[in-house]
Structure formats: C-alpha cells, structure tokens
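Down below is the structure, laid out as structure tokens.
Just follow the structure's listing: the first ligand is 1, and inside any ligand the first atom is 1.
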Amino acid sequence: MTHLTILYRGTLASCDYDCAYCPFGKRRDTPEQLRADRAALRRFTAWTRDQDHDLSVLFTPWGEGLVRSWYREAMVELSHQPNIRRVAIQTNLSTRTTWLDAADPETLALWVTYHPTQVAYDRFLAKVTGLKVRHSVGVVGDPAHLDDARRLRADLPAATYLWINAEEGRVYTDEEAARWQEIDPLFHYSRFPHLSAGRACRTGDTVVSVDGDGTVRRCHFVPSVLGNLYDGTYRDRLGPKACPKLECDCHIGYVHLEPTGLYDVFAGGILERIPR
Ligand code: SF4
Ligand code: SF4
C-alpha cells in the first residue's frame with residue numbers, strides 16, 4: 001500500500017449551531033463523551049505517525065469539530081506530518097480562524113458549510129474570504145436559502161468553489177434545479193442519488209471509514225466491519241469491492257464511486273470538494 005484515504009468520524013455529536021435540517025443542532029456531549037472523543041482522536045493521530053505509507057484524512061464529525069481544541073490541534077499536527085498528503089474537515093466555520101496560522105497551508109483544507117439561519121451573512125463572508133488555506137464553501141439547497149446562496153456566489157472570489165447539496169428528501173423540478181445549477185455548475189451530481197449497486201467504489205480498497213474505536217468500515221454508509229485500525233486486522237480485507245447498497249446520495253460517499261468520474265472532476269481536491 002502506498003496511500004490510504006481515511007474518513008474519520010469519532011463520537012463527537014454536539015454542535016454550537018441549530019440548523020432545522022440537522023439532528024445534531026444544539027446537542028451536548030457530556031464531559032465523559034468529550035474526554036473519550038479527545039482520547040480517541042489522539043490515538044488516531046498517533047497511529048498516523050507510525051504508518052509507512054501516505055495518508056489523506058477527512059474528518060466528518062456528526063457535530064462541529066473545530067470548536068474543540070483537539071480537532072484544531074490534530075489538524076495542525078497532521079498538516080506538518082511528511083506522510084500526510086491532505087487533512088481536511090467539514091465545518092461550519094463558527095470558530096475563530098487564527099489557529100490556522102500554525103498549519104501548513106499546502107496540506108490543510110476546509111470543507112465549509114454556510115448555514116444562513118445561524119450566522120450573519122457579513123460575518124460569515126468576512127471569515128471565509130479571509131481564509132489563507134484551501135477551502136470550498138457550500139449551502140444546502142433549501143429554497144429558503146436561494147437568495148443567500150446567490151448573494152454568496154456573487155461575493156465570493158470566482159476561484160472559490162461554491163457547492164450546493166441537494167436537500168435530503170427534496171425532489172427538485174427541472175426549473176428549481178436549474179436555479180441551483182446556475183450557482184453550482186456541478187449541482188446535477190447532487191440532485192439525484194447515484195445508483196451504486198454492484199458498481200465499483202474505491203471505498204474498502206483505497207478509502208476507508210474509521211470511528212473512534214478504530215473500527216474500520218468501507219464507508220460511513222455500509223455497516224459491515226472490515227477490521228480494526230489499531231490491531232491491523234483491516235489490512236488483509238482491503239481490495240476492490242462493488243457497492244452493496246442500492247444507491248449512494250452523499251458526496252463523501254459517491255465521490256469515490258468509480259462510474260461517477262468524480263476523481264477527475266475533483267482531482268487534487270477530492271476530500272475538501274474543490275474541483276480541478
Ligand atoms: S452546523 Fe452542521 S452539525 Fe451543526 S446543526 Fe448545522 S448542520 Fe448540524
Ligand atoms: S457507493 Fe457509496 S454506499 Fe456504496 S460503497 Fe461507495 S461510498 Fe459506500
């Protein structure tokens with residue numbers, strides 16, 4: 001093995017925001033849960049240091065990670081590690097950004113989501129345009145957010161990719177979809193779930209999902225276990241595998257589904273969702 005992509009999701013499930021479309025809004029983790037999440041993340045970063053191959057890591061917490069010091073520290077630490085090609089995180093960017101000054105901007109990247117009901121527009125725009133690290137910015141395709149998304153597209157630098165995620169459960173008419181497609185020329189990839197049954201997907205081969213206990217699965221959406229990261233049992237089970245699910249409707253999954261061709265579309269920025 002020369003390189004492995006890891007989608008890491010620990011137990012952290014709390015968030016400082018309260019988005020109507022999310023079950024984690026304003027959830028609290030107990031002090032014990034936070035301590036366990038911190039210990040698990042430290043164990044994971046220590047493991048990455050011992051590997052003899054390259055790694056790319058995307059943190060996909062249930063809640064918001066960057067309000068916790070241990071995620072910021074892990075991102076900075078990993079960004080300087082020679083065997084880390086990319087370290088990225090999905091974030092609402094609510095936290096201050098000065099900590100990023102300590103990171104290697106060639107390696108660290110952010111997948112930023114703008115939540116219009118949770119943060120003042122000008123505040124968000126100032127923060128995101130002040131970023132000195134690679135980032136994409138996105139909005140959930142709720143019709144109530146259309147004007148905010150258009151405004152954001154107009155105000156962001158042309159080189160900053162603004163993605164639109166189809167809202168879960170929403171069926172878009174062609175007319176509605178065209179409005180979002182104007183903002184995000186790649187919206188058609190998100191509009192419908194991708195038929196994936198029996199199709200080649202890189203997860204389970206060159207991409208894996210890892211939880212706080214080190215349990216390795218092919219992706220966040222297929223529950224069967226490949227092994228454990230810390231006892232190495234997953235290694236022998238890596239290899240090309242077809243998707244066992246009917247469809248895949250989340251970007252962090254279907255970007256790895258080979259027939260989508262998205263590794264070409266996002267070449268160089270697969271984890272942080274930045275097109276070539
Ligand atoms: S910011 Fe993200 S995790 Fe937090 S409530 Fe909104 S959607 Fe959920
Ligand atoms: S296509 Fe999606 S659900 Fe299927 S294995 Fe790949 S990431 Fe998992």
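- Note that OG1 of T117 and OH of Y21 are 6.0 Å apart. Values are rounded to the nearest 0.5 Å.
- Remark: side-chain polar atoms of E64 are not paired, donor with acceptor, to backbone N or O of Y17 under 3.5 angstrom.
- A cation-pi contact, defined as under 6.0 Å to the ring centre and within 45° of the axis, links R202 to Y263.
- Shortest contact from atom 2 (Fe) of ligand 2 to any protein heavy atom: C248 SG, 2.4 Å.
- Proximity of R218 to ligand 2, defined as any heavy-atom pair under 4.0 Å, is confined to the side chain (atoms from C-beta onward).
- Between atom 8 (Fe) of ligand 1 and C22 there is an N/O/S contact shorter than 2.8 Å.
- Remark: ligand 2 atoms within the under-4.0 Å shell around heavy atoms of T203 are 5 (S), 6 (Fe), 7 (S).
- Taking backbone and side chain together, H256 holds no N, O or S atom under 2.8 Å from atom 6 (Fe) of ligand 2.
- No side-chain donor from either of S136 and R273 sits under 3.5 Å from a side-chain acceptor of the other.
- Nearest protein neighbour of atom 6 (Fe) of ligand 1, counting heavy atoms only, is C19 SG, 2.3 Å.
- None of the N, O or S atoms belonging to C250 lies under 2.8 Å away from atom 2 (Fe) of ligand 2.
- C219 SG, 2.3 Å is the protein heavy atom nearest to atom 8 (Fe) of ligand 2.
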| said: What verdict does the side-chain contact (heavy atoms from CB on, under 4.5 Å) test give for R72 and M75, after you've listed the backbone C-alpha separation in whole Å, the side-chain angles of each residue and the deciding distance to 0.1 Å? | reply: CA-CA 5 Å; R72 300 193 298 268; M75 297 278 300; 5.8 Å; no

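- Near W62, meaning under 4.0 Å from one of its heavy atoms, ligand 1 places the atoms 3 (S).
- Between the OH atom of Y71 and the OG1 atom of T45 there is a distance of 11.0 Å, given to the nearest 0.5 Å.
- Of all atoms in ligand 1, listed by their number and element, those nearer than 4.0 Å to a heavy atom of N92 are 1 (S).
- D231 and T233 form a side-chain donor-acceptor contact under 3.5 Å, judged by distance and modelled atom types alone.
- Of the heavy atoms in H115, only side-chain atoms (C-beta onward) come closer than 4.0 Å to ligand 1.
- Under 3.5 Å, the side chains of S190 and H251 contain no donor-acceptor pair of N or O atoms.
- Using a 30° and 60° split on the angle between ring planes, F187 and W180 fall in the tilted class, from 30° to 60°.
- Each of the following atoms of ligand 2 lies closer than 4.0 Å to a heavy atom of G253: 7 (S).
- Interface atoms of ligand 2 facing S196, defined by a heavy-atom separation under 4.0 Å, are 1 (S).
- The closest approach between any non-hydrogen atom of E64 and ligand 1 is not below 4.0 Å.
- Judged by the 6.0 Å distance and 45° axis criteria, R151 is positioned over the aromatic ring of Y121.
- When only non-hydrogen protein atoms are considered, atom 4 (Fe) of ligand 2 lies nearest to C243 SG, 2.3 Å.
- Within the cation-pi definition used here (under 6.0 Å to the ring centroid, within 45° of the axis), R9 does not qualify as a partner of F59.
- Remark: ligand 2 atoms within the under-4.0 Å shell around heavy atoms of L257 are 1 (S).
- Taking every non-hydrogen atom of G25 and a distance limit under 4.0 Å, the qualifying atoms of ligand 1 come out as 5 (S).
- Looking at C15 against ligand 1, only its side chain comes within 4.0 Å, counting heavy atoms.
- For S79 (side chain) and D104 (main-chain N/O), a donor-acceptor pair under 3.5 Å exists by modelled atom type.
- Close contacts of ligand 2 with C201, meaning ligand atoms under 4.0 Å from a residue heavy atom, involve 1 (S), 5 (S), 6 (Fe), 7 (S).
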